[in-house]
Amino acid sequence: MKNGPLLFLGLFAALGFAWAGIVLGANAQLSGLAPYYDSGDSLAYPQGLPGVAARGQLVYRDLECAACHTQQVRRPGFGADTARGWGERQSVARDYIYQPAVQLGDSRIGPDLANLAGRKPTAPDAADLYQLLYTGRGGMPAYAFLFEERPVVGQASDLALPLTGRFRPPAGREIVPSRRAQALVAYLLSLNSAYDYPEAAPAAAPAPAAGERKK
Amino acid sequence: MTTASTQAAPAEVTALECPSRCPLLLLAGKGLGWLLISGVLSLVASIQVHTPTFLADCPWVTYGRVRAMAETAFVYGWIGNLGLAITLWVLRQLSAEPLRAVRWTLVGAVFWNLAILAGVVGIAAGEATAIPLLQMPGPVQPLLLIAYGAIGVAGVLAWADRRREAMFAAQWYAVAALFLFPWLFSAAQVMLVWAPVRGTLQAVVGGWFAQSLWTLWMAPLGLAGAYYVVPRATGKLLPAYDSASLGFWALLFVGGWTGGRHLIGGPAPAWISTIAIVASVLLLFHYIVVFLNLRVAYGAPGTALKFISFGLSAYVAGGFLDALTSMRGVAEVTQFTFFDAAQHELAVYGGVSALLFGSLYFALPRITGRPWTSAGLIRGHWALTVAGVLLLVLSLGAAGWVQGQGLNDPTVAFAELAARTRPWLLGATAAQALLLLGNLLLTLNFILTAAAGCCAREPAR
């Protein structure tokens, strides 16, 4: 190689080629993705995030929750995601179209959260999540700094955590979630992929031809 | 142990080197500083994985943020600074002129490091973007880009001044790394930070950026030094050198296509991960060519070549492991586990960092005109690096495999998984401590050597 400008052009072509293929190609396929209107429910899915949940996603992002939790359920038969009760179907691109900062994650030190609020038979409610965030459990650290300990003035707060054992605050004081904790929990409770889009249904297996080994 | 390549013949250190001394030492010194910082942060993060209560009360050092800070300090601080120092030095060695525009490099280096510092503090304060390898807060990123441009001017000028019109492999890789980073970094910034694309397209762009940053920037930074040092230090022609250009273009043209590597089974079009699997396998051609070219480093005397042969083995092994784990059947187990971390450490620490260590051991005596001060510290660094990398990769790999098997068995609870992986994760913590200790020895030796070089210069003025 002698020609400098040619090398330069080659470098540019190499970068531009992969960028065009992957980014533009995916963009062509995904950018037109629209919400799915269900005429039975008279609703379009997915539903947009409520304002407080959108703020909560920023808390999720700045605490880097994605370092331990994914938000992508893999299809049945590929891993044990559905068997673990993380979701009844695989996650599809349409689930994420309203999320300002998609948090697919790359590590499962903790469970997947894509369908946290839609888990069957029992999805956690706000009180469970506050409790979990304040006390931590197993491999999950406590995020006690998201809570405030304050004196009870008059009646105890509706949001005060019903804590027992070593977490119980001194008499006359209560533990309440901060606004950040409230936003985070609102976001976690918005994570629901219960609606079945047509593309999320497993593809029907073609009928095996006679003599072909059944998979 | 022979220290042939850690000393320089006086004739090798000419007046041509003088102007580049200060900026190169600044870049290399900053790089080592970030290596230590990222070592401490990685150690903290690795403790938090098996002992979640460690430092959990302080929001600035929660696991996710520490991990992001460690990654940023390592990639931009260590590989960025030292990689640029080695790249500029290689381009200067192959040019007929002294390094030009060194003031630009100095100013650029100062701002590059200030930007990384602001980025790391920003992550700690909760401004991270949570995008892998692009964690620094948005406002810091343009500063990095401008500072990089200022540093790069000297490299481009040295390339233009090259002694021979025909370029060597070291120059291809050096120029590729220099030119491609700004394009890559600015494109990713626009699409992910300033005007984020919609939905899972963010993950596709993020994957493309992360894999491209590895194949088109970090790997070429490491290879530029290795392709220069190996023939110089062995005094031999590189075998199979005719194929080197094919290996180079294979990396460049195929590297970016591995972007869907981590989206297998995810909510993105399936063709993206399928192409990534094909690309990961095609990339083996590059790894084989690099191995054939640089294999003369094996068994050759000298610290620099020992590090480079270790780095070469890890780099090639990392490439093969990458192709293997991109297969859907393997990814089903290894995806989302510590196995990914093991692979990352093998390629980025065992591979590129060891290549950079080797290049630094060769280059520093030729920059300062002084041999490395302590052979004992070199031996210590070598032993700790080899032990640390092997222990880290094997323990994380084992933890990842155990974790992946457990995750795919729905009857295994997360508490049980944590208990099963804990012994291996303790091994990873020990490995991080070894690596940190080794890097302390290297930094100490670097400071002693650089100080001796500077002091020796003073009376001449």
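Every chain is numbered from 1, with letters handed out A, B, ... down the list of sequences.
- Heavy-atom distances place no part of B:Arg164 under 4.5 Å from chain A, backbone and side chain included.
- At a 4.5 Å heavy-atom cutoff, the contact between A:Phe12 and chain B is made by backbone and side-chain atoms alike.
- Across A:Ala66, A:Gly105, A:Ser91, A:Ala144, the residue that shares the most heavy-atom pairs under 4.5 angstrom with chain B is A:Ser91.
- At a threshold of 4.0 Å, the pair A:Asp62-A:Arg180 counts as salt-bridged, since one of the basic side-chain nitrogens sits closer than that to a carboxylate oxygen.
- Note: A:Gly110 leads A:Ala114, A:Gly110, A:Cys65, A:Cys68 in heavy-atom pairs under 4.5 Å with chain B.
- Comparing A:Glu64, A:Arg94, A:Gln103, A:Gln99 by heavy-atom pairs within less than 4.5 Å of chain B, the highest count is held by A:Glu64.
- For B:Arg67, the part lying under 4.5 angstrom from a heavy atom of chain A is the side chain only.
- If you tally non-hydrogen atom pairs under 4.5 Å between each of A:Ala83, A:Gly79, A:Gly136, A:Ser31 and chain B, the highest count goes to A:Gly79.
- The aromatic rings of B:Phe253 and B:Trp249 lie tilted to each other, with the angle between the two planes from 30° to 60°.
- Ring geometry, A:Tyr195 versus A:Tyr45: the interplanar angle falls under 30°, so the pair is classed parallel (tilted spans 30 to 60°).
- Ranked by heavy-atom pairs under 4.5 Å with chain B, the first of A:Arg84, A:Gln72, A:Arg137, A:Gln29 is A:Arg84.
- Neither the backbone nor the side chain of B:Ile131 comes within contact range of chain A, judged by heavy atoms closer than 4.5 Å.
- For chain A, no part of B:Phe54 is nearby; none of its heavy atoms comes within less than 4.5 Å.
- The shortest heavy-atom contact between A:Tyr134 and A:Leu161 is CB-CD2, 3.6 Å.
- Proximity to chain B (any heavy atom under 4.5 Å) is shown, for A:Ile109, by both the backbone and the side chain.
- For chain A, the nearby part of B:Gln135 is the side chain; its heavy atoms alone come within less than 4.5 Å.
- With a 4.5 Å cut-off on non-hydrogen atoms, B:Ala268 does not touch chain A at all.
- Residue B:Thr129 touches chain A through its backbone alone, counting heavy-atom pairs closer than 4.5 Å.
- Classification of the B:Phe248-B:Trp172 ring pair by plane angle, with boundaries at 30° and 60°, yields tilted.
- Interface remark: B:Ile272 contributes side-chain atoms only to the contact with chain A (heavy atom separation under 4.5 Å).
- With respect to chain B, the highest number of heavy-atom pairs below 4.5 Å among A:Pro111, A:Pro141, A:Gly138 belongs to A:Pro111.
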